[in-house]
There are 2 protein chains.
Amino acid sequence: MGTTQLETVPEPKYWHLRTVLSEALDTEFTVGEILPNERDLAARFGVARATLRQALEQLELEGRLQRRRGVGTTVAPPRMGVAVGTEQHAWPGGAGDDWQPVDATPEVPPAGVAAALETGADEAVHLVRRSLTTHGQPVAAELLYVAVGAVPELAAIDTSAGAARARAVLRELQRLELEGRESAVELGSARADDARQLDRLPGAPVLVVTTRYFAGGRTVAVSVATYRADTCRLTFGDSGGVEVHPDPQPQAS
Amino acid sequence: MGTTQLETVPEPKYWHLRTVLSEALDTEFTVGEILPNERDLAARFGVARATLRQALEQLELEGRLQRRRGVGTTVAPPRMGVAVGTEQHAWPGGAGDDWQPVDATPEVPPAGVAAALETGADEAVHLVRRSLTTHGQPVAAELLYVAVGAVPELAAIDTSAGAARARAVLRELQRLELEGRESAVELGSARADDARQLDRLPGAPVLVVTTRYFAGGRTVAVSVATYRADTCRLTFGDSGGVEVHPDPQPQAS
DNA sequence: AAGTGGTCTAGACCACGTG
DNA sequence: ACGTGGTCTAGACCACTTG
C-alpha cells in the first residue's frame, strides 16, 4: 500500500454524498429525526442542490429517508415486512388477511388480465379494489379481477353497494377450491390514482405483485397489487408470515 | 360532463412526457429500435434536457427503455421472467439451477447475516459468489453465506480454487435435508461491484432477494441475490418456473 | 407568511463506445 | 474525433404544509 490510490476512477459526487449521508444516518441520527433542509445541506457539502437531491433520492429509494413536500426530510424506520404468497390466506379475503375492501364494480379489464382470465376483449369482470394499511400507514393498493363465471351467485345481489359488494365477491370466492397460484414481482412506478392512495407522488417506485388464482382448471382471478417500494419488504415462504427477525435485512447498497 | 376540466391539477411536464413517449413506444417503435438522442428529443418536445431525462428515467425504471452511455437509448424487450422460490431447486446449486458458480472464499458476513446464521460477530463463513445470465445478458449476482458447521467435509478440500471450491460447497449442501426456506424481496440500489457484474451504473435499481435456508433446526445458509430491476420479473409459485404467458404483464403505470 | 420539497431551465463538462 | 448518455451547476418558480 505504498502509493495511496487517490482517484483512478473518481466516483460521482452524488454517489459519494450518498455514502457519507448513509453513514451519518447510522451514527448521528435516530429514526424519525428531521434532517436539515436541502438548501442548507447542499451548502454544507458544497454542492448544487440538484446534486444533493440525487443523493437523497437514492437514500429514499433504499428506504432510509422519507421526504414530504412542505414538511421536510426525516429518517425512515426499517422497512416493514409484508407477507405475500403464504399459504395461510390462499384466497384473497380469507382469514388472517388484513386487506380492507374498498369497493367493487364491473369493469373491462386490461388486455393482459383479459387474456389470463380468457374473457373476450370487451367483456366486463368484477373488479374489487382493496387497500392495505399497516401501523397507520397506507402500504399497498390492489385491483382484483374476478371472472364473472367464477362467482355466479352474485347476479342475485347485484344491487349491493361499495365495500359490501366487494365483500360479497370475496365471500363467493372462498367457496371455490383453490388449485394453485402463481405470482410475479416487478418494479413499477405509481400511477396517479395509486400514488394518491399510497400517499406518494405519481411516479413513486412501487413493487407490483401480479397473482393468478387457478380453480376448476382455469384462471378465475387475477390480482395486481401495488406496494410502496420505499417502505415495504415483501416476504415469501413457509414461516406463516410472521416476522422472524425485525432487524434490518442485509442491503444491496 | 358539461365543462371539460382543463387543468385543475396540472401534471408535471416530465410525467406528461413519460405518458406521451410511452404511447409512442407502443405504436411507433419496435423492440431494439434506437430513439433519437436526448438533445434532439428535448428540442422536439420543447423542454430542457433535464426534464426529458426525468421522463426517460421513469421509462427505464419501468423496463420500457434501455440506455447506455456512449451508445444511445433503445426500446427494451418485455421483462424476462426469472423463477425464484420454486420447489424444483430447493437448495441452491441443485438440478435445474442456472446459476454459475464464480468462486468461494471465507469471509466475515455482515451483521444481519451473522445474526441469522447465529455465528459470532467476527466469525468467518463460506461465501459463495454466483451469477445468473439469461439470453446472453447478466441478470443477477448472488452472495451465498454458508455456515461452516453445515458443511464440515470441506475442511479436507480446503485448498481447491475459485469456481471449483464454490461447486464443492454447493455439493456438500445437497447432502443436508432442507427443512424450510423463507424469502424477502425489496428494492435496493446496486453497489459498485454488483453494478459492474450487472453491466449497469452504481445506484441502478435492483430487486434484492434475501433467502434463509433452514436445516437441522437452524439457519444454515443465507443468500442475498441482486436482480436487475429494469429487465427482470421475479416469478413465484407452483407452476414449476416455466413461463405460462410470455406476454407483457399488466403494469402499474 | 414562511419554509419545505418538487419542478424546470440553459447551460457546461465528463466518461464511454464506436468508427 | 465524434456522438452518446451521465454529471453538475446556479438559478427560478411552483405546490404544499404549518404556524
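Model, not experiment: these values are computed from the prediction.
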**OP:** Give a yes/no on whether any side-chain N or O of A/Asn37 is located under 4.0 angstrom from OP1 or OP2 of C/dG3.
**Re:** no

**OP:** Look at the side-chain N and O atoms of B/Thr51 and state whether any lies under 4.0 Å from the OP1 or OP2 oxygen of C/dT9.
**Re:** yes

Of the nucleotides [options], which one has an atom closest to the side chain of [X]?
{"X": "B/Tyr14", "options": "D/dT7, C/dT9, C/dT7", "answer": "C/dT7"}
{"X": "A/Arg67", "options": "C/dT4, D/dT9, C/dG6", "answer": "C/dG6"}
{"X": "A/Val71", "options": "D/dT17, C/dG5, C/dA10", "answer": "D/dT17"}

**OP:** With salt bridge (charged side-chain N to carboxylate O under 4.0 Å, His left out) as the test, would you mind laying out the steps for B/Arg18 and B/Glu23 before giving the verdict?
**Re:** CA-CA 9 Å; B/Arg18 186 208 76 109; B/Glu23 283 162 6; over 6 Å; no

Assign [X] to base, sugar-phosphate, or nothing according to its heavy-atom contacts below 4.0 angstrom with the strands shown.
{"X": "B/Arg39", "result": "base"}
{"X": "B/Leu201", "result": "sugar-phosphate"}
{"X": "B/Arg68", "result": "sugar-phosphate"}

**OP:** Can you spot which of A/Asp26, A/Leu21, A/Val75, A/Asp230 makes a side-chain contact (heavy atoms from CB on, under 4.5 Å) with A/Arg64?
**Re:** A/Asp26

Subject >> Aromatic plane relationship, B/Phe236 with A/Phe236 - under 30° parallel, 30 to 60° tilted, over 60° perpendicular >> reply: parallel

Original post:
On a plain distance test, is the side chain of B/Arg49 in donor-acceptor contact with the base of D/dG6 below 3.5 Å?
Top reply: yes

Subject >> Spacing of B/Gln54 atom CD relative to C/dG6 atom C1', expressed in whole Å >> reply: 9 Å

Subject >> B/Ser183 side chain to B/Thr211 side chain, donor-acceptor N/O pair below 3.5 angstrom >> reply: yes

